[in-house]
**Q** 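The following block contains the structure, expressed as structure tokens.
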Protein chains: 2
Amino acid sequence: MARSPSARRGAAGRRNARAIARYRLVQDGLTNRIEKGEYAPGDRIPTEKELARLYGVSVGTVKTALLQMVHQGLLHRIQGKGSFVSGSLIGRDQLRLYHFVEGFDDDDAPLQVRFLALHVGVRDLAAARWLRLKSGETMFRIDRVFAMGATPVVWTSSFLPQRLFAGLEQLPREAFETKPLYRLVEERYRLPTLRYQEMFSAVLSDGESGPPLAVPAGFPLLQIEMLALSFRDRPIEYRQSLCRTDRARLFRLPLRAPSSA
Amino acid sequence: MARSPSARRGAAGRRNARAIARYRLVQDGLTNRIEKGEYAPGDRIPTEKELARLYGVSVGTVKTALLQMVHQGLLHRIQGKGSFVSGSLIGRDQLRLYHFVEGFDDDDAPLQVRFLALHVGVRDLAAARWLRLKSGETMFRIDRVFAMGATPVVWTSSFLPQRLFAGLEQLPREAFETKPLYRLVEERYRLPTLRYQEMFSAVLSDGESGPPLAVPAGFPLLQIEMLALSFRDRPIEYRQSLCRTDRARLFRLPLRAPSSA
DNA sequence: GCTCATTTGTTCGTATGTATC
DNA sequence: TGATACATACGAACAAATGAG
């Protein structure tokens, strides 16, 4: 016989307008554990049966909670194997931050990364604002160039709060060239990039931006300002990029409305 | 007692590797009805109980199908009222195609639309390619300017397949100024914009693009090529836009990974 | 290659809570 | 207040994928 949702809460635990659904308790509990780093991206979480026992709910309720988290992009499930913590949004499927193509139906060529410099103790008003830093806090700045074959295409500066990324300056430069920055951040600091916001504008190259991109002054460049967000929409990276778009244009995959659920 | 999924299919209908889940049959059936226009955006579809009877499945199975469609963005459900067909992606929440801001945390001011011209029988190689037209097919071209107060910000040409939008040329120009184009297309031709793709580049203004945007030649402009997709990813509009970004930058809401489910 | 235990996927049925009109 | 419709919750059974033996 099916029990009512309030049956297990005793006489005083009757449902009211502000009552929280039990699957949401499971969902929030698991989400917190992931955010605290108890489960890292790639880890398998307990099975439905174990979770049902842990939280004192039915398997169906656990299933509801896990499916919500799948739709949020926090988990993925594999039949016969288990449920796993997902990592950064970028890198799933064909999703890539920089994706240059000739047309909508074009396949893109991956870009080669070249590390230029890492600065410590950086202060920058705009970057500090978007990263919501307290006054006086400093940042790392990582400069890189992305090239398409021999042609430099993107010149980018990434700003990261120094407080969150202790020891970053001790990494060898290869660390920044062999894998994308978001993956390094995810693996080493357990901060997956779950969402990001962007602002686009067009600017003219000058004496500073011209040489790294091998274009003369007065050349039109696409400027992208990107803010990467992790758990609870915490900003973890602010990136400013300048792109040559004379050979290929920047492509964006279809947008989907964020599901508020 | 619970019946097995194959129980109702008789002895010959045993499940095999290629068997399709029953909730998917409901999902596909409803999706087809929506695509055929039997249910238009805003319409209420039958209740769970009615659908269960119609498709010969349990209410729970119907629920699974409807929740999938909610996550696809095709439906939204309101407790106590029913399930409703959703319209275009754009216009939901704060989502807007053109969204110019000073910074990530900035509120934007809506843009005023000014209709310039509607051309009939247009041929354009690039546009025809993205819209997947048969050779010889013609398009409408609608030119508009979006302004922020007195300052023109976006100059845009929209290409629409003439075959899909019969009678568009007979609409008064007010029709293109009082409501967004995607809404006109959705309401009048029952083609909601469900997804869109974009390509970004930077160009210099010339004699043609300078005057409408009130900028001198050689001014950096953000170029956006947008392809709007409706049901079954059918392209319904190709739009080419040039934007001034000297006062405000183009903002894009967070991307979410497309749910393949 | 086969069997078996494990784990998620699908389906049914039922009961009750909550929002809407 | 009652009828209706969606939301939450439980339990049971079988299907399908995975991996170990």
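In what follows, chains are A, B, ... by sequence order, proteins preceding strands, each numbered from 1.
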**Q** Determine: side-chain N/O of B/Arg77 to OP1/OP2 of D/dA7, distance under 4.0 Å, yes or no.
**A**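 It does, given that an N or O in the side chain of B/Arg77 lies less than 4.0 Å from OP1 or OP2 of D/dA7.
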**Q** A/His76 NE2 to C/dT7 P: how many Å, rounded?
**A**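 Result: 16 Å.
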**Q** Are A/Arg239 and A/Glu225 close enough for a salt bridge, meaning some N to O gap below 4.0 Å?
**A**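 Looking at A/Glu225 together with A/Arg239, the answer is no, because their closest N to O distance does not fall below 4.0 Å.
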**Q** Could you please name the option among C/dG9, C/dT7, D/dA7 that lies closest to any side-chain atom of A/Thr47?
**A**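 That would be C/dT7.
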**Q** Hey, which of these two, A/Gly60 or A/Lys81, hits DNA chain D nearer its 5' end, going by closest nucleotide?
**A**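 Going by which nucleotide is closer to the 5' end, it is A/Gly60.
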**Q** Does B/Ile78 reach a base, just sugar-phosphate, or nothing at all? Heavy atoms under 4.0 Å.
**A**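 Sugar-phosphate: the residue B/Ile78, judged by heavy atoms under 4.0 Å, touches backbone atoms but no base.
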**Q** Provide, to the nearest angstrom, the distance between the CG atom belonging to A/Leu66 and the P atom belonging to D/dA9.
**A**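 Rounded to whole Å, this separation is 14 Å.
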**Q** Could you check which of D/dA5, D/dG11, C/dC12 has an atom nearest any side-chain atom of B/Ser58?
**A**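 In terms of side-chain proximity for B/Ser58, the closest of D/dA5, D/dG11, C/dC12 is C/dC12.
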**Q** Name the nucleic acid region contacted by B/Lys49, choosing base, sugar-phosphate or nothing; use a 4.0 angstrom heavy-atom cut-off, strictly under.
**A**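 Result for B/Lys49 = nothing.
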**Q** Give a yes/no answer on whether the side chain of B/Ser83 brings an N or O atom under 4.0 Å of OP1 or OP2 in D/dC6.
**A**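 Indeed, a polar side-chain atom of B/Ser83 lies that close.
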**Q** Between B/Arg190 and B/Glu186, does at least one N-O distance fall below 4.0 Å, as a salt bridge requires?
**A**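 Salt bridge flag = no for B/Glu186 with B/Arg190.
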**Q** Nearest whole angstrom, please: distance from the C1' of D/dT4 to the CZ of B/Arg53.
**A**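 Whole-Å distance recorded here is 15 Å.
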**Q** What's the closest nucleotide to the A/Lys63 side chain, out of D/dA7, C/dT8, D/dA9?
**A**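 Looking only at heavy atoms from C-beta outward on A/Lys63, the closest nucleotide is C/dT8.
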**Q** Rounded to whole Å, how long is the line connecting atom CZ of A/Phe84 with atom C1' of D/dG19?
**A**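 Whole-Å distance recorded here is 12 Å.
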**Q** Write down the atom of B/Leu30, the atom of B/Ile45, and the distance for their closest heavy-atom approach.
**A**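 Answer, listing the atom of B/Leu30 first, then B/Ile45: CD1-CD1, 4.3 Å.
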**Q** Students often get this wrong, so: under 4.0 angstrom with heavy atoms, is B/Thr64 touching a base, only sugar-phosphate, or nothing?
**A**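 The answer is nothing, as B/Thr64 stays clear of every strand by at least 4.0 Å.
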**Q** What's the CG-P distance between B/Leu51 and C/dC12, to the nearest Å?
**A**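 Those two atoms, CG and P, are 13 Å apart.
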**Q** Where the side chain of B/Gln79 is concerned, which of C/dC12, C/dT8, C/dA19 is the nearest nucleotide?
**A**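 My answer, after comparing the listed nucleotides, is C/dA19.
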**Q** Rounded to whole Å, how long is the line connecting atom OH of A/Tyr23 with atom P of C/dT18?
**A**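 Interatomic distance, OH of A/Tyr23 to P of C/dT18: 13 Å.
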**Q** Distance check needed: C/dG17 P versus A/Arg22 CZ, whole Å only.
**A**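 Whole-Å distance recorded here is 12 Å.
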**Q** Between A/Lys179 and A/Glu187, does any side-chain N to carboxylate O distance fall below 4.0 Å?
**A**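 Salt bridge flag = yes for A/Glu187 with A/Lys179.
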**Q** Between atom CD in B/Glu48 and atom P in D/dT8, what is the gap in whole Å?
**A**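 B/Glu48 atom CD is separated from D/dT8 atom P by 11 Å.
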**Q** Looking at every strand, decide which applies to B/Gly82 at a 4.0 Å heavy-atom threshold: base, sugar-phosphate, or nothing.
**A**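 Touches sugar-phosphate only.
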**Q** Side-chain donor-acceptor pair under 3.5 Å between B/Gln68 and B/Tyr23, yes or no?
**A**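 Side-chain D/A pair, B/Gln68 to B/Tyr23: absent.
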**Q** Check every atom of D/dA5, D/dC10, C/dC12 against the side chain of B/Arg44 and return the nucleotide holding the closest atom.
**A**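 Nearest listed nucleotide: D/dA5.
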